[in-house]
Amino acid sequence: MTQNAKAGTQSVWAGEKDYLVHGATQVPVVLSVAYGYDDMDEWYDVAIGKKKGHIYGRNTNPTVQAFEDKVKILEGAEAATSFSTGMAAISNTLSTFLVPGDRIVSIKDTYGGTNKIFTEFLPRQQVEVVLCETGNHEQIEEEVAKGCSILYLETPTNPTVKITDIERMAKAGREAGALVVVDNTFGTPINQNPLALGADLVIHSATKFLGGHADALGGVVCGSDELVEKIYHFREINGATMDPMAAYLILRGMKTLKLRVRQQSENAMALAKFLETQELVEGVYYPGLETHQNHEIAKKQMRGFGGMLSFAVKGGVETVRDLLPKLQYANRAANLGAVETTVGPARTTSHVECTPEERAAMGIPEGLIRISCGIEDIEDIIADFEQAFQHVESGLKV
């Protein structure tokens with residue numbers, strides 16, 4: 001029914017009809033762990049996947065499957081499988097396809113948890129990891145051409161919002177026989193569809209923009225039936241299963257996904273332009289700005305520039321300490337994608353697991369502040385930042 005509908009309509013309707021019961025208009029929360037069968041042959045057919053159905057909650061669940069179907073349709077994928085968290089989606093996907101002796105190519109600016117997998121955990125498993133300068137497409141192509149099992153991209157990146165040309169990198173990956181995986185958490189299916197640009201798999205931390213209300217953890221990966229089946233098999237055995245209540249909450253949040261992302265994107269653009277005028281700001285990083293180093297690539301592959309931006313302040317950590325507590329309409333928290341504006345430095349949010357030296361090597365200054373724009377009236381958010389800057393500046397003059 002929704003295959004050819006636009007993203008806003010799909011966000012509301014896609015993937016739900018088959019799971020409605022007793023005339024309900026909303027997908028129910030099915031909390032049952034087990035599913036019973038009187039017919040032993042039918043039970044066996046469901047258990048081996050020959051027939052549709054459910055046998056045990058660690059494997060599948062009706063509410064969770066409705067969520068998977070909705071994301072699958074929004075990303076234009078054949079299949080999707082879900083996880084307890086976004087990091088579970090990333091780690092399970094990598095573990096499914098990597099074995100000792102393999103080589104993976106990625107970028108330096110990935111989310112801190114992802115970066116830890118690359119720098120700490122995969123090397124322990126004798127997987128060679130090559131991290132290229134984000135945005136240096138020639139270097140990435142050169143490393144991929146040397147041979148790799150996976151090319152892993154995150155675009156826009158967290159928290160520096162750098163952009164990688166997905167179509168160009170996917171071509172390089174295909175030529176080398178590599179699996180191309182893209183973390184689309186910042187992009188969202190509203191603004192960007194990596195599969196349509198040539199990627200093999202797309203990952204989301206559903207906790208963020210998909211859910212949108214900071215009240216449910218989840219992750220999801222989409223792609224071909226063949227690839228997703230392999231990931232699902234790894235996940236069902238290793239057990240990083242999405243909770244049905246989380247699936248319900250994220251499903252409910254996704255009904256307003258297009259509305260939220262549209263407003264968040266508009267707010268981010270306006271806030272980025274305001275920040276460029278501030279004396280205390282050293283640099284503003286938002287792909288919608290013409291001054292952004294990857295603006296033209298973002299224009300080519302994104303339908304909107306998203307609700308995430310970051311900026312660096314003069315005075316580093318001390319300015320961050322003074323500025324952020326003065327904001328009235330922003331949560332100082334390690335989350336993003338919610339309806340409320342959320343702020344925080346990388347040292348306590350995206351890259352808290354990393355040392356200052358590791359953050360510096362990734363090009364993340366200690367005075368960098370990440371902003372996840374909410375859906376508030378932007379006039380209030382700008383006024384809030386303006387009074388916070390004035391407070392800090394007046395303190396510096398004393």
Side-chain angles (χ1 to χ4, degrees), residues 7 10-11 14 67-83 85-94 106-107 109-111 113-115 117 134 150-170 173 179-212 218-224 227-228 231 250 253-254 257-258 260-262 264-265 268 286-288 294 297-309 336-338 350 372:
Q10 290 177 337
S11 298
F67 160 71
E68 293 169 345
D69 287 352
K70 187 181 289 289
V71 181
K72 172 186 75 175
I73 292 169
L74 279 166
E75 284 290 9
E78 291 179 354
T81 193
S82 59
F83 303 85
T85 67
M87 281 308 303
I90 293 169
S91 60
N92 277 245
T93 298
L94 295 177
S106 188
I107 54 178
D109 287 80
T110 54
Y111 168 64
T114 308
N115 183 267
I117 292 177
T134 309
I150 292 178
L151 169 59
Y152 186 97
L153 304 173
E154 180 183 300
T155 181
T157 59
N158 182 2
T160 52
V161 288
K162 294 177 182 176
I163 305 294
T164 300
D165 190 325
I166 298 173
E167 189 171 26
R168 178 175 172 179
M169 295 300 94
L179 200 64
V180 181
V181 182
V182 178
D183 183 334
N184 196 31
T185 299
F186 274 24
T188 80
I190 302 301
N191 285 335
Q192 179 174 271
N193 295 116
L195 299 179
L197 296 169
D200 296 298
L201 293 167
V202 58
I203 291 176
H204 289 274
S205 172
T207 311
K208 310 304 191 298
F209 286 99
L210 296 187
V220 63
V221 59
C222 309
S224 68
L227 293 176
V228 172
I231 300 168
I250 297 171
M254 287 183 70
L257 179 61
K258 185 174 182 179
R260 288 186 285 104
V261 169
R262 182 170 62 196
Q264 289 163 322
S265 298
Y286 183 65
N294 309 126
I297 298 174
K299 277 176 58 178
K300 180 183 72 169
Q301 69 188 26
M302 301 181 75
R303 293 180 289 275
F305 300 112
M308 300 299 304
L309 69 150
L336 60 93
S350 63
S372 172

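Note that the structure is predicted; figures quoted are calculated from it, not measured.
- With rounding to the nearest 0.5 angstrom, the CG atom of Asn294 is 9.0 Å from the CD atom of Gln301.
- Looking at Pro194 and Glu75, their side chains come closer than 4.5 Å, going by heavy atoms from C-beta outward.
- Closest of all the heavy-atom pairs between Leu210 and Pro189 is CD2-CD, 3.8 Å.
- For the atom pair CG of Leu197 and CG of Asp165, the computed distance is 8.5 Å after rounding to the nearest 0.5 Å.
- The backbone N or O of Gly304 sits nowhere less than 3.5 Å from a side-chain atom of Arg262 that would complete a donor-acceptor pair.
- In this structure the side chain of Thr114 never reaches within 4.5 angstrom of the side chain of Ser106, judged on heavy atoms.
- Taking CG from Asn193 and OG1 from Thr188, the interatomic distance works out to 8.5 Å, rounded to the nearest 0.5 Å.
- At a threshold of 4.5 Å between non-hydrogen side-chain atoms, the residues Lys70 and Ile250 do not count as touching.
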side-chain hydrogen bond (donor to acceptor under 3.5 Å, both in side chains) between Glu154 and Thr110, worked out: CA-CA 6 Å; Glu154 180 183 300; Thr110 54; 4.9 Å; no
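- Note that the CZ atom of Phe209 and the NE2 atom of His204 stand 11.5 Å from one another [nearest 0.5 Å].
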Working for side chain to side chain contact (heavy atoms under 4.5 Å, CB included), residues Ser82 and Val71: CA-CA 10 Å; Ser82 59; Val71 181; over 6 Å; no
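- Of all heavy-atom pairs spanning Val220 and Ala89, the tightest one is N-CB, 3.9 Å.
- Heavy atoms of other residues, nucleotides or ligands lying less than 6.0 angstrom from NZ of Lys299 number 12 at most.
- Looking at Ser372 and Lys208, their side chains never come closer than 4.5 Å, going by heavy atoms from C-beta outward.
- The structure places OG1 of Thr185 at 8.0 Å from CD1 of Ile203, a figure rounded to the nearest 0.5 Å.
- Scanning both residues, Cys222 and Ala80, for their nearest heavy atoms gives SG-CB, 3.8 Å.
- The shortest heavy-atom contact between Ala298 and Phe305 is CB-CE2, 3.8 Å.
- Side-chain atoms of Thr157 and Asp109 include no donor-acceptor pair closer than 3.5 Å.
- Of the inter-residue distances, the one linking Ile150 atom CD1 with Thr93 atom OG1 reads 8.0 Å to the nearest 0.5 angstrom.
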Worked verdict on Met87 versus Ile117 for side chain to side chain contact (heavy atoms under 4.5 Å, CB included): CA-CA 10 Å; Met87 281 308 303; Ile117 292 177; 3.5 Å; yes
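- Gln192 is listed as a side-chain neighbour of Ile166, based on a closest heavy-atom distance under 4.5 Å.
- Counting heavy atoms from C-beta on, the side chains of Leu74 and Met254 come closer than 4.5 Å.
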Side chain to side chain contact (heavy atoms under 4.5 Å, CB included) assessment of Val221 paired with Thr81: CA-CA 6 Å; Val221 59; Thr81 193; 3.6 Å; yes
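- In this structure, the side chains of Phe186 and Met302 stay at 4.5 Å or more apart for every pair of heavy atoms.
- Minimum interatomic distance between Val261 and Asn191 (heavy atoms only, all atoms of both residues): CG1-ND2, 3.4 Å.
- Listed here is the closest heavy atom pair of Val182 and Ala199: CG2-CB, 3.8 Å.
- Counting heavy atoms from C-beta on, the side chains of Leu179 and Tyr152 never come closer than 4.5 Å.
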